[in-house]
Every structure is written in C-alpha cells, then in structure tokens.
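Heavy-atom basis, side chains included; hydrogens, waters and symmetry copies ignored. Residues take their numbers from the sequence shown, with the count starting at 1.
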Amino acid sequence: MRSVLLASAALLAASAPAMARQAPPPADIVIYGCTAGGVMAAIEGRRLGRSVTLVCRDAYLGGMTTNGLSWSDTGNHRAIGGLALEFYRRVKRHYDDPGAWNHAPRPARADNFIDDGAMWQFEPKVAERILEDWVRSAGVRVERSQPLDRGRHGVERRGATLVAFRSKAGRRFAGRMFIDASYEGDLMAAAGVSFAVGREANATYGETLNGVQLGKTTNHQFTLDIDPYRIPGDPGSGLLPRISAEKPAPDGSADTKIQAYTYRLCLTDVASNRLPLPKPAGYDASQYALLQRYMDAGYRNFFQKFDRIPNGKADVNNFGAFSTDNIGRNYRYPQGSDAERQAIAGEHVRYQQGLLWFMAHDPHVPAETRAEMGRWGLCRDEFTASAGWPREMYVREARRMVSDFVMAEPQVRGLQPTPRPIGMGSYQMDSHNTQRIVDAQGHVRNEGNIEVPVGHAYPISYDAIVPKRKEAHNLLVPVALSASHIAYGTIRMEPVFMILGQSAAAAADLAIEGELPVQAVPYAQLRQRLVAEGQILTLEKGL
C-alpha cells in the first residue's frame, strides 16, 4: 500500500529542481496528456511532418490502455479505423508469436479476442511496449513526469492564442498548436475554456437519460432489500459506512456529482506469476459491512467481471451493487488540487485493497467466496514499480468542455444530425453509479448507473473538440470534449479517444498550414485526409 501511494505521489508531485533544465524548442504541436488519445495525436503529427512534443503528467504512456483497462470497450469494431485500428492490429501481431504465451497456453479458440485482423484484449505491459516502440520509431519528443502547473501563471496566452504552458517543475512548453489529451481537461481549464462538471438536467439538451436517474438504475443495483442501518430497523443507530444520508434530487434534475472511479486491476490465478493480495495500512473491515449484510442475505455474484485476457490474467472491473467502484468518493476530483487528487486516489487504493483482503480473509465471508478470492493475486510481471498495482486510477469522467456544439443524447441516438464528423462511436450510453442512498422504502439503493444501447454507430463532430472561438484559437480537446454527461458515457472509450486524437492532430496540421484558427479549418480538406488515412466517418446501419 505505502509503495503504491509513494509512487502515485511521485507521479503527481512536481519534479525535482534538477529536471527544470533548458526548455525544449517550440514545437508545431504540443500535446498535454499521454493517454492513448494523446499518443495517437503525437504519432499522427509526426506522420504529417510536424515537430511534436508530448508532455506527460506521469512517467509512462497510455493512460488507462496501459493501466488495467485491457478488456477493451470497443462497441462495433467496424466503426474503428485509422491509427486506433492499427494499434489493435499490432496487439494481434504480438500475440501471433507463440512465444508471447508464457504463463498460459494460447487458447485453441480466440473468437472473443480476435476480429478483422485485430486483437481487442491484451496485457497492460504489452500495450505499453507497443506504444513506447511506436512513439520512439515515429520520432516523438516525449517529456515525462511534467504535471501541468495549474496555477494562475501556468498557461501563457496572447489574447485567444495559447503561447506556452509550464509544468510544476518550471519547464516551459511553447508551440503553435496545442492539444489537451488529458482525461481531466487540465490544460483546457487552465487556458480559460468553458467546461461542465457533473450531470446536466434532461431539459438542457433534450435528453432522457441525463441528470439523477434513480428510477432507471437497474443494473449494478441491489437485487435484495437490504437494511441500511447499523442496527437493522433503527435509523437512530446511523447508516452503515459508504451510504449517503443525502436525499436524491428528482429524476432528470442536474447535479455536480461524478460517476464512480476505480482501479482496473490486472489479477492472475497462475501461481508462478501471482503476488499476494496486499492488506492496506489501517484496514477496517467495517467499511465492508454493507457487502457483508448483502452476502448474508444470499448475494454471491462478486466474480462476474473477472474478464480473461492473455496469459492467465483477468481485467477486473466493477460488477454488482457493492464492488470495486468507490461510489461517492470522487466528487472533488475534477477540480481538486494535486494534493486533493492524490488523497482521493489514495482512498481508492485503500478501499479496493481492503475489499479484496476482506473477501479473501474475513471469517464472516462465505468459505467458498474466500476460497475463490484466494486463488487470485496481483501479477508479478505487471506494474513492477508499484508491486503489481496499476499506476493510474480510472477517471471515467471529469471536466467536459462546453463549446458551441455539444454532443448529446439526440446525436448519439441518431435523432438529430451531427455536423462535420471526424470519427465514430458505438458503445452503449454507459454511466456508472454516482451515489448510494436510502430509498423511500428504507432500503439501500445505488443511483446513476445507466446502460442503454445507442442502436448503431454514430458520428462525432469536429465541432465537439474545438473550443468557442472567443476562448481559444489554437487548442483542440479530443478527450475532455464537448459532450453531455450521458453522451460522454458512450464516447469515453479508449478506441474512440485514439480516433479523436488522430483527427485532432490532422486538424492541427491543416490549421498550421493555413495559418488558421482551429475553428476555421476547412472541413472538406480534413475529411478527405481522414478518409485517406482510414478513419471511419460513416457506417451503414446493419454493419
């Protein structure tokens, strides 16, 4: 536990003064955020002959693609093209080598892994190696462990034009075009661009699934009526831990709450590669009293989202009413200071490590559940600097830009047109739970989980990644883009961020070439380029 928090602190804290060496030369395109979307933007910029500086908050590349999100939420594979598809094809080429299967035999059938010459599930270390090799061969300049100075003087502007930004170590990164590829939208916010946090009311964009959604929260919900009080039936005894006393607002109304975060764990049941599950410092079994009560009532589906990936490993995701999602403990994260964010990340580590320890060791947990949990451990060959624990918390949603055009439920459902497409999404509208409350009947309930298919692949507009013209002329935002909460729930998938990152860099190149603000990039030229590079901008229904 302590080593994980120290590693997290080192990644988020300012670098040592010795690192404040001479600033790199100005680049044509400066990208902040080494998510997979940021990496694809950097590779695209270099393919187009531009100088590129990729500035990482942390020491590694890939964001969640290299930090446990290995069972890719791809939706319709036919909607994925360009560099994103090339990434998944490189994954397949890696696993085509029999020598890549060192901890478990290659499956005789891999239908759920492989499609269209690509492989959609992988080990975190393999994804990271692919991205590192790709960036190196593309000639991208990578500046690591340079978190943005989010203070008043972190971004230099000349009117609506960004000139440079500084890291907390004092490094200055100047460029002609800037791309914010961070999950948090930190550069966007520091540059003074408008953004939203939380859930809009349904009425704001003509939606049905936004805002508070207690009535429609049916998945990852309590399937049994569970008493929420420390002494059952006695409200005066107080609530069990991790239940909010707040009364939910009416369905469809706005709030500033955030869907739950987690660490996407990479676990293994291969004994030779297994590390013991750690017991966190300050472990408190009472934090899981609600889960204990739920199990006492008969709940047993804890292991439903241990999704198999190569070499005897599993991508472990939240499943059910009380699982790896740390519901309600992240509300301050999007706009929190670095210290606040570090504290939230640390609380998430303690919660998840304690949860796994509880399930494996607590004598009140059913014996068969303890035995099953005891088969699993962290991977000896993943995240070696942090003892097998992922380096990055899954920030499913933080800030979202508010531009002149906002992707919303009518666009992703195809009920209203989407202008100037630069890529496609297809995953369901997906929001994890936002709060855990006591309902009108006196039972504990989760609120916020929505899983509704979009019906078909839909286009994503160029206008959703450009700020309002009065706010920034030379900034593109392909990750924390302009979308409502529920529309972001389908867009926020790693393959889509890769697609939008590539398209953002292609637009940046055209803006440089024409000496234009990003809002004035000729769409016909951009579209022609993207199609030539294999981006999928339209898809017939049924494909």
Side-chain angles (χ1 to χ4, degrees), residues 27-58 60-67 69 72-75 77 79-93 118-120 122 124 126-143 177-183 187 392 421-425 460 462 464-465 475-481 491-510 518 526 529-537:
D28 292 326
I29 303 173
V30 179
I31 302 162
Y32 181 70
C34 293
T35 61
V39 171
M40 295 304 153
I43 292 168
E44 173 73 357
R46 290 297 299 137
R47 287 200 339 179
L48 295 172
R50 298 296 177 182
S51 58
V52 175
T53 301
L54 179 60
V55 183
C56 305
R57 181 192 67 183
D58 306 304
Y60 52 84
L61 302 181
M64 287 307 301
T65 293
T66 61
N67 276 276
L69 209 172
S72 300
D73 295 324
T74 54
H77 297 167
I80 300 171
L83 294 177
L85 181 58
E86 173 60 22
F87 168 77
Y88 293 103
R89 286 177 170 169
R90 290 183 180 218
V91 170
K92 181 179 181 298
R93 289 199 290 272
M119 187 164 173
W120 308 95
F122 45 83
V126 169
E128 186 168 3
R129 187 179 312 135
I130 288 170
L131 294 182
E132 290 282 1
D133 290 347
W134 204 351
V135 162
R136 189 179 307 110
S137 64
V140 175
R141 182 184 187 114
V142 181
E143 298 283 347
M177 287 287 155
F178 293 83
I179 296 174
D180 183 348
S182 68
Y183 295 120
L187 179 59
E392 185 164 338
I422 55 169
M424 302 194 80
I460 301 169
Y462 176 65
I465 72 166
L475 173 68
L476 296 126
V477 186
V479 176
L481 75 162
I491 294 168
R492 64 170 182 85
M493 305 303 157
E494 293 290 288
V496 178
F497 289 154
M498 295 183 205
I499 290 165
L500 298 180
Q502 178 181 359
S503 294
D509 173 69
L510 290 174
V518 292
L526 178 59
R529 170 175 291 175
L530 296 178
V531 170
E533 293 184 349
Q535 291 280 53
I536 308 299
L537 306 186

Among all residues two or more places apart in sequence or in another chain, which pass the side-chain contact (heavy atoms from CB on, under 4.5 Å) test with [X]?
X: I536; answer: M424, L539
X: T65; answer: A36, F87, F122, A127, E494, M498
X: A42; answer: I31, V52, L54, V140

Residue pair [X] / [Y]: nearest heavy atoms and the distance that separates them:
X: P124; Y: T66; result: CB-O, 3.8 Å
X: G139; Y: R46; result: O-NE, 3.2 Å
X: W120; Y: I80; result: CZ3-CD1, 3.7 Å
X: E392; Y: Y183; result: OE2-CE1, 3.3 Å
X: A84; Y: P495; result: CB-O, 3.9 Å

Taking the side chain as every heavy atom from C-beta outward, state whether [X] and [Y] have any pair of such atoms under 4.5 Å apart.
X: D133; Y: R90; result: no
X: R57; Y: S182; result: no
X: V142; Y: C56; result: yes
X: L475; Y: V518; result: no
X: M40; Y: L131; result: yes
X: I422; Y: Q535; result: no
X: E533; Y: E86; result: no

Paired with I29, the side chain to side chain contact (heavy atoms under 4.5 Å, CB included) test is passed by just one of T53, L48, I179, namely I179

Pair L526-Y462, side-chain contact (heavy atoms from CB on, under 4.5 Å): steps then yes or no = CA-CA 10 Å; L526 178 59; Y462 176 65; 3.8 Å; yes

Start with the C-alpha distance between L61 and W134, add both sets of side-chain angles, then the distance that settles side-chain contact (heavy atoms from CB on, under 4.5 Å), and finish with yes or no.
-> CA-CA 11 Å; L61 302 181; W134 204 351; over 6 Å; no

After noting the C-alpha distance and the side-chain angles of R47 and E44, does the key distance pass the salt bridge (charged side-chain N to carboxylate O under 4.0 Å, His left out) rule?
-> CA-CA 5 Å; R47 287 200 339 179; E44 173 73 357; 3.5 Å; yes

